[in-house]
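Accompanying notes for the structure given below.
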Amino acid sequence: MTALLLGFSAALLAARGELAWAAACVLGSFAMDGLDGALARKFGVTSPFGAQLDSLADLCGFGVATPLLAYHWMNDAAPQYLIVPTCAILAASAMIRLARFNVQPKDTRYFSGLPAAVPPVILAGAIQLGVEPSAGYVGLIGGLAVLMVTTFPYAKIGRLVGLPWWVWPISVTAVIVSPMTACGLLSAVYVASGPVLWATERFRRDDPALVVDPPEAAPDTADPIDPIELSPGSHVRVAVVGAGFAGLGMAIRLKQLGIEDFVVLERADDVGGTWRDNVYPGAACDVPANLYSYSCAPDPGWTHTFPTQPEIQRYLRRCVAQFGLEPHLRLGHDVLAAEWNDDSTRWCVDTSKGQLTADLVVIASGPLSEPATPSIPGLEQFTGVTVHSANWVPSHDLKGKHVAVIGTGASAVQFIPEIQPDVARFYVFQRTPPWVIPRWDRTKSGVEKALFRRLPSMQRLARAVVYLWRESLILGLTVNTRMLKPVEWLARSHLRRQVSDPALRAALTPDYALGCKRLILSNDYFPAITRDNVELVTSGIDEVRRHSIVSADRTERVVDMIIFGTGFESAHSPIAGRLRGRNGRLLADIWHDTGAEAYLGTAIAGYPNLFMLLGPNTISGQNSTLLTMEAQVEYVIDALRFMDQAGVAAVEVRAEAQASFVVDVRRKMTGTVWLSGCRSWYLDDRGRNTTLWPGFTRSFRQRTGRFDHESYVLRGRDSKPLDSPPAETAH
Ligand code: NAP
């Protein structure tokens, strides 16, 4: 209430021209709003106003204060030196609110500060540029329209009153045509929907609190996790396959929502997935740590901007302890096959240590789990050591050896500088040079860590800044590659500064569009390549002999060891060869014919009650993939909730929904930099990008923001299709 009163006071003060006080009230409103959220979380209370209060603060602050500021500007009622800083304060407040993105409970995701910052920025910009007030006002209305369109909780209100989606564009048009009437009506519905939704949901479902405080972080431990075996004939509600970032993320959310009846099947003896396996020297993540962590488990203790493999692995182990996941882990249980049984509406899962049945299976085996080793003529007769970066054994002794590396992708660029000082002779076989930009890494100071520990919102702000910077790259990757020119300039000057030899520099200069392959961050790769013991070989490999590699120019180089930095079988998901759906068909066979396809990258027609995390077209090419993965996790949770409420035993995505999603993705993919002609692990054998999501991560979160049961065939316990879920459970 205080937040609301302060918001309205801000509007009134602004109307009277007392802009400094108005700005103070706006800030106070946000502070109270934040405090309200913090207290609600602390005491586990959900406010009847919930998101509505948040958004009303937005509307008061930005939707009301900004037009009033514009009014003063147009009528010369307040000096420019007051209006512009007030706009700046408004925009900054909006951005601070944005820092809360992605830690919000699911239903309030639609409210971010970014659109809210647009109107005051437009206004301040118009004043500074000396734009005619009338023209500036048109821009301002455009900005407000952005705010309305992007922050309105369509899904929530649509769900409440059962209106079809097209009502909202019409409403927005009405706002533009007759602003006062339409705004009044919409605001009334909007505000009223808070308590009504709260009341109806409270009685309708037994829904655990959406915002759950993570338990205290657990201390680091290197002790092995105690193995737990499957009990014979066991049945679970959910079987998660894979205990990497995605599988553990799923487990955490199940746990948080009080669902205990699940297991996580993991073929290895530890959690961590790709971060457990990739222990090669220098392994690290190129997404800053603040963003490369679960949104529900921020870690103030990261030691560097970019987390190293051991740190990430420790983080995941800590999450296992912190969220109490050990009892659910079934380590050393390789999933050999899983088959859907229509009669029992269950999955029957065969593991290397026994069988179980599950109502629902979540595949979280990840796209980077199977190392890809090229078939090079004569490789089998090589008598030296061969190793793939993903199977690195830390005890490899490289001192004084002649070593060859095949591949110069993200992994190789990380381990080449680490290995180079040790070896006698180092041959780097490069097929395609990568685009490399500087890696702005630094050790985090104690002050920074203490600040993040005491004021978690500061860490969320840091996370938001990284998120925004990375998200902005999508425009260059998908809309107009010319926007990536500054990044290309940065990469070229990085190469120029680090490599002085023109011939070597030419060999290291890519001839394809930047962004077509994954952009690489490194400060020590080029310097390592210039060292005397390193030879960059660009002529391709003809054959491998017992002790040597022969390149296409027929030069033979004697080597003791070959390291494959040749990436992963991402386009041929091995798990697809183990999943049999409703008609007994292997997913691998279907995907062999069609290419990897899934609805929202998550559900597959013919495979009821099966969801795939980080499935086809879900990886973010510009941002942390954990963002899309978490969106999928929420989608699965929503599906579970829906099934419980509606008494639905099986959900299977409709083939036409999947087909139309795939067509949409392909259309969006056309003209993107990823299809501009380079070879990359994003593309399948047909040259289609079946890996990346062609858009903002936010748009993916919106698409998966609600389990859209209309796109699914629903079946009851008798496995007969239900026409529609019972009306009172309409979701
Ligand atoms: P990658 O990016 O797919 O690179 C594979 C490299 O091997 C490329 O240089 C490729 O050359 C080369 N190659 C493949 N087959 C070859 C052959 N038959 N002959 C010669 N060269 C061959 O694999 P990666 O470096 O392991 O990285 C895979 C992905 O893992 C990354 O894109 C990234 O998403 C992830 N990763 C992330 C991080 C991180 O910091 N977050 C670190 C490591 C890995 P071409 O370019 O000519 O195909």
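Each ligand, and each atom within it, is numbered from 1 in the order the structure gives. Because the structure is predicted, anything quoted here is derived from the model rather than measured.
Applying the disulfide (SG to SG under 2.5 Å) test to Cys285 and every residue at least two apart in sequence or in another chain returns nothing.
Between Trp302 and Tyr315, the ring planes lie tilted relative to each other; the angle falls in the 30° to 60° range.
The stretch residues 492-579 participates, sequence neighbours left out, in these disulfide (SG to SG under 2.5 Å) pairs: Cys516-Cys678. Each disulfide (SG to SG under 2.5 Å) pair with one or both residues in residues 397-427, not counting sequence neighbours, would appear here, but there are none.
The 4.0 Å heavy-atom shell around ligand 1 contains residues Tyr280, Ala284, Cys285, Asp286, Leu368, Pro374, Ile406, Gly407, Thr408, Gly409, Ala410, Ser411, Gln414, Arg431, Thr432, Lys517, Arg518, Gly565, Thr566, Gly567, Phe568, Arg679, Trp681, ordered by chain and number.
The shortest non-hydrogen separation linking Val673 to Ala513 is CG2-CB, 3.6 Å.
Asn617 places a side-chain N or O within 3.5 Å of a backbone atom of Leu692 that can act as its donor or acceptor partner.
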